**Q** 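I'd like to ask you about the structure that follows.
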2 protein chains.
Amino acid sequence: MATTIKDIAKYTGLSISTISKYLNGGNVLEHNRELIEEAIQTLDFKVNEMARGLRTSRTMTVGVLIPSLENIFFTSIVSHIESILLKEGYSTIVCDFKEDPGLEEKKLQFLFDKMVDGIVLMPLPGNDNLVKKIIARKTPLVLIDRMINNVECDVVLVDNLNASYNAVEQLIIRGHRRIGIIAGPQNIYTAQERLKGYIRVLEDYGLKVDPSLIKHGDYQIESGYNLLLELMKVEQPPTAVYVTNYEMTIGSIIAINENNIRIPDDISFIGFDNQDLARIVKPALSIVVQPVQQIGETAAKILLKRLRKDQGGFPIVTRLKTELLIRDSIKNVES
Amino acid sequence: MATTIKDIAKYTGLSISTISKYLNGGNVLEHNRELIEEAIQTLDFKVNEMARGLRTSRTMTVGVLIPSLENIFFTSIVSHIESILLKEGYSTIVCDFKEDPGLEEKKLQFLFDKMVDGIVLMPLPGNDNLVKKIIARKTPLVLIDRMINNVECDVVLVDNLNASYNAVEQLIIRGHRRIGIIAGPQNIYTAQERLKGYIRVLEDYGLKVDPSLIKHGDYQIESGYNLLLELMKVEQPPTAVYVTNYEMTIGSIIAINENNIRIPDDISFIGFDNQDLARIVKPALSIVVQPVQQIGETAAKILLKRLRKDQGGFPIVTRLKTELLIRDSIKNVES
DNA sequence: CTTTTACCGCGAAACGTTTCGTTTTATTGG
DNA sequence: CCAATAAAACGAAACGTTTCGCGGTAAAAG
């Protein structure tokens, strides 16, 4: 059916191995090079990746495993990863595991069965042995957004600690003293970091850390909704709140709207992740924005490096900076 | 390295071809079946898809081509497609073309080079020949969300006409007589349908269709923003507006907020696509919700059918119903 | 002009399957 | 118990590449 290397050989009068050599960047006489290129052009030859893969045991395929495809933070990272990988001829198989640890393992197995050359993973907490499994197989791996303790691995993450620090600092500067935080699950690395930043800046400014103002959610909309209302019911409620991911930010906003709480008069607000969200809500929300493009591109580039068998600098831990968008959701408090 | 069919043959004392026969569902002596299964278990055998693919020229891979990975409407459809395909052993290669016709063609070529067994495509308008190209190659294809004229092809779409009809009808029932629409690009099938529904319901109720109340946008946030403001500046402004996709709904809301327009007092509002959006905005927005899960699953199932070489019912045109969520963004007008 | 050194091209084996035609084994009927 | 038939197992070729070692030719060195 399709034209093969054999057809090129016939067309040019050269041997199969010479064509193969050319295809893999080997040296070929100038004259023959032109001949081969012409043949490839006119016969519309494309290497059969399956045959090549069978010989070399490389699939030119990488797997990207994320918790959910319905989360724009994840998918836009994927989008940038895909762009970079495609340029090098790799195809990207995206799997999501719907935040389910069982599925995570299953999908990973699927990727193994498909013999992907490399993996980009945003791991669920507690599934550390999955990561170890990948490493044991020597499949190149780049972790995203979340780090695993006691495991050496390339990882791209965001400086969550200082992201929180800077956000909360803005609240302090504007006179807030009782600042609530809707934090993430205690077993998620990212969430721990974001909480640490909150605590550190309070301490740096000599403010008391009040445990009743720290609420742990599960990164879902519902818990944002519930926890915001809980915060407002504390005996001495906060004058500002900092919410640490996108979904919980949405949930909080819904709670605020449904209960006729006014921003920033009743409470000042800083949310997370999504720029559009910042503008759509009234008044415009202040937001911590993550550098999704950089995250994706960096992860892809490191993976490509490893796929080239370049182990330089291992493990590479990249820590990217967030951006803080200050809008109208913060009130100045007289102190 | 990995265990092959040869190892299984050695372990069981059977021949390679018998093992292969078993793997492909052929008949094997009960005794041997058990033996083989045990061997596969203990040696942890997995068929090498590359070798198999080389022989059969099937890759067990399907390509999904969508305009953007940063659009939750698209990605959640992808998510459901992926789930279904995975169960049958297919992996899904997702490509987005960032709404760029040039890229669309390039990515499609990429998928061809990767020899995907099938394709799910959400085509850009005007690129009809791309679709024809796929069909000419006899690669199974399912179109999503947008139809192409004069081409026979399986397609899953939403009953956009009646979606609009029902939405606008609710506005009419509540007494609105001047209803604006922010429609999509005139060359997009989906957009045409949505506009048709708007026009038809007005005519059915004997209302005049006023061209000054029909604005065509490009499905991006910015144009939602601009067109909403244009609508409000019409000499006799509408009392209600219907916005026909997610991004433009966001844009409109931003415009409304920034200009202190009140919903529903100044204007009644029906938006599109995203449930969370409906709740996050205050007052809660009325929304036309698309059945993303059904779209994805239906598309995947049809594709699987075609991959099984079952041409039954070709071309299958599936038209799914939307849901109309009425919330607080519509005011009753005394007439 | 001869010897050495590069360089380029070639043939053949191998990667792990499927498939097809043939041989062996098991089953049935006479 | 043997022949005929059905069922199962087998062997070998093929899919389209890469790779490795060898042979030949041209350029560089003596």
Side-chain angles (χ1 to χ4, degrees), chain A residues 1-40 43-61 89-91 112-117 307-309, chain B residues 1-40 43-61 89 91 112-117 307 309:
Chain A
M1 275 238 49
T3 86
T4 78
I5 216 177
K6 217 182 256 176
D7 301 315
I8 305 294
K10 208 166 289 172
Y11 185 99
T12 57
L14 295 167
S15 79
I16 287 182
S17 33
T18 305
I19 313 298
S20 172
K21 192 198 224 178
Y22 165 83
L23 289 175
N24 294 285
N27 275 334
V28 160
L29 285 189
E30 179 62 13
H31 167 73
N32 288 335
R33 191 179 61 73
E34 284 166 8
L35 206 55
I36 294 175
E37 279 166 5
E38 182 205 321
I40 291 180
L43 300 183
D44 189 33
F45 167 79
K46 303 274 165 55
V47 284
N48 182 324
E49 293 284 358
M50 323 258 304
R52 171 180 277 177
L54 177 57
R55 223 11 255 266
T56 61
S57 52
R58 292 188 320 157
T59 55
M60 292 304 282
T61 278
Y90 284 93
S91 45
F112 280 156
D113 293 351
K114 290 285 175 180
M115 302 198 290
V116 292
D117 294 338
L307 288 170
R308 264 182 249 115
K309 308 245 172 288
Chain B
M1 275 240 46
T3 87
T4 78
I5 216 176
K6 217 182 256 176
D7 301 314
I8 304 294
K10 209 166 287 170
Y11 184 100
T12 58
L14 295 166
S15 79
I16 288 181
S17 33
T18 304
I19 313 297
S20 172
K21 191 200 227 177
Y22 165 83
L23 289 175
N24 294 284
N27 276 331
V28 160
L29 249 32
E30 178 63 12
H31 168 74
N32 288 336
R33 191 180 60 74
E34 285 166 7
L35 206 57
I36 294 175
E37 278 165 5
E38 182 205 322
I40 290 180
L43 299 183
D44 188 34
F45 167 79
K46 304 273 164 56
V47 284
N48 181 323
E49 293 283 357
M50 323 260 302
R52 172 179 277 176
L54 177 57
R55 227 6 258 267
T56 62
S57 52
R58 293 190 318 157
T59 55
M60 292 304 280
T61 278
S91 45
F112 282 155
D113 292 351
K114 289 285 174 179
M115 301 197 293
V116 293
D117 294 338
L307 288 170
K309 310 244 171 289

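Each chain gets a letter, A, B and so on, in the order the sequences are listed, and its residues count up from 1. Excluded from the calculations below are hydrogen atoms, water molecules and symmetry mates; all remaining heavy atoms, backbone and side chain alike, are included. Since the model is a prediction, treat every value here as computed from it, not as a measurement.
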**Q** In whole angstrom, give the distance that lies between atom CD of Glu30(B) and atom P of dA26(C).
**A**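 In whole Å, dA26(C) P lies 16 Å from Glu30(B) CD.
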**Q** Among the nucleotides dA9(D), dG16(D), dT19(C), which one has an atom lying closest to any side-chain atom of Leu54(A)?
**A**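 For Leu54(A), the side-chain atoms sit closest to dG16(D).
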**Q** Across the strands shown, which category fits Thr56(B) at heavy-atom distances under 4.0 angstrom: base, sugar-phosphate, nothing?
**A**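 Touches sugar-phosphate only.
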**Q** Between P on dG16(C) and CZ on Phe45(B), what's the gap in Å once rounded to a whole number?
**A** 10 Å
**Q** Spell out yes or no: do the side chain of Ser15(A) and the base of dG9(C) have one donor N/O and one acceptor N/O closer than 3.5 Å?
**A**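 Flag unset: no donor-acceptor pair detected.
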**Q** Within the distance-only criterion (no hydrogens, no angle test), does the side chain of Thr56(A) pair as donor or acceptor with the backbone N or O of Arg52(A) below 3.5 angstrom?
**A**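 Checked: pair present.
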**Q** Under a 4.0 Å threshold between the charged nitrogen and the carboxylate oxygen, would Asp117(A) count as salt-bridged to Arg58(A)?
**A**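 So Arg58(A) does not pair with Asp117(A) through a salt bridge.
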**Q** Tell me whether the side-chain N/O atoms of Ser17(B) come closer than 4.0 Å to OP1 or OP2 in dA9(D).
**A**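 Looking at the OP1 and OP2 atoms of dA9(D), neither is under 4.0 Å from any side-chain N or O of Ser17(B).
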**Q** Output the rounded distance in Å from CG (Leu14(A)) to P (dG11(C)).
**A** 11 Å
**Q** Please state whether the phosphate of dA7(D), meaning OP1 or OP2, lies under 4.0 angstrom from any side-chain nitrogen or oxygen of Asn27(B).
**A**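 No, no such contact exists.
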**Q** Using whole Å, what does the distance between atom P of nucleotide dT18(D) and atom CE of Met50(B) come to?
**A**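 Those two atoms, CE and P, are 11 Å apart.
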**Q** Where the side chain of Thr18(A) is concerned, which of dT18(C), dT18(D), dC10(C) is the nearest nucleotide?
**A** dC10(C)
**Q** Spell out yes or no: do the side chain of Arg55(A) and the base of dT18(D) have one donor N/O and one acceptor N/O closer than 3.5 Å?
**A**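 Flag set: donor-acceptor pair detected.
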**Q** Assess the residue pair Asn32(A) and Thr12(A) against the criterion (side-chain contact (heavy atoms from CB on, under 4.5 Å)); give the C-alpha distance rounded to whole Å, side-chain angles, the decisive distance to 0.1 Å, and a yes or no.
**A** CA-CA 8 Å; Asn32(A) 288 335; Thr12(A) 57; over 6 Å; no
**Q** Is the phosphate of dT18(C) approached by Arg52(B) (side-chain N or O, under 4.0 Å from OP1 or OP2)?
**A**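 Answer is yes, contact under 4.0 Å.
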**Q** Apply the test side-chain contact (heavy atoms from CB on, under 4.5 Å) to residues Lys114(B) and Thr59(B): give CA-CA distance (whole Å), side-chain angles for both, the deciding distance (0.1 Å), then the verdict.
**A** CA-CA 8 Å; Lys114(B) 289 285 174 179; Thr59(B) 55; over 6 Å; no
**Q** If each of Val28(B) and Thr4(A) is mapped to the nucleotide of DNA chain D with the nearest heavy atom, which maps nearer the 5' terminus, i.e. the 5' end?
**A** Val28(B)
**Q** Over how many whole Å does the gap from Lys6(A) atom NZ to dC15(D) atom P extend?
**A** 6 Å
**Q** Rounded to the Å, how far apart are Asn32(B) CG and dA8(D) P?
**A** 10 Å
**Q** Show your reasoning for whether side-chain contact (heavy atoms from CB on, under 4.5 Å) applies to Val47(B) and Ile5(B).
**A** CA-CA 7 Å; Val47(B) 284; Ile5(B) 216 176; over 6 Å; no
**Q** side-chain contact (heavy atoms from CB on, under 4.5 Å), that's the test. Do Leu23(B) and Phe45(B) meet it? Break it down for me.
**A** CA-CA 11 Å; Leu23(B) 289 175; Phe45(B) 167 79; 3.8 Å; yes
**Q** In terms of side-chain heavy atoms of Asn24(A), which of dT18(D), dC15(D), dA8(D) is nearest?
**A** dT18(D)
**Q** Just the rounded figure in Å: distance from C1' of dG16(C) to CD1 of Ile19(B).
**A** 13 Å
**Q** Could you give the CD1-to-P distance, from Ile5(B) to dC15(C), as a whole number of Å?
**A** 14 Å
**Q** 5'-most contact on DNA chain C: Leu23(B) or Leu29(B), nearest heavy atom basis?
**A**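 Between the two, 5'-proximity favours Leu23(B).
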**Q** Out of dA9(D), dG16(D), dA12(C), which has the shortest distance to the side chain of Lys21(B)?
**A**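 Nearest listed nucleotide: dA9(D).
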**Q** Would you say Asn48(A) places a side-chain N or O within less than 4.0 Å of OP1 or OP2 belonging to dC15(D)?
**A** no
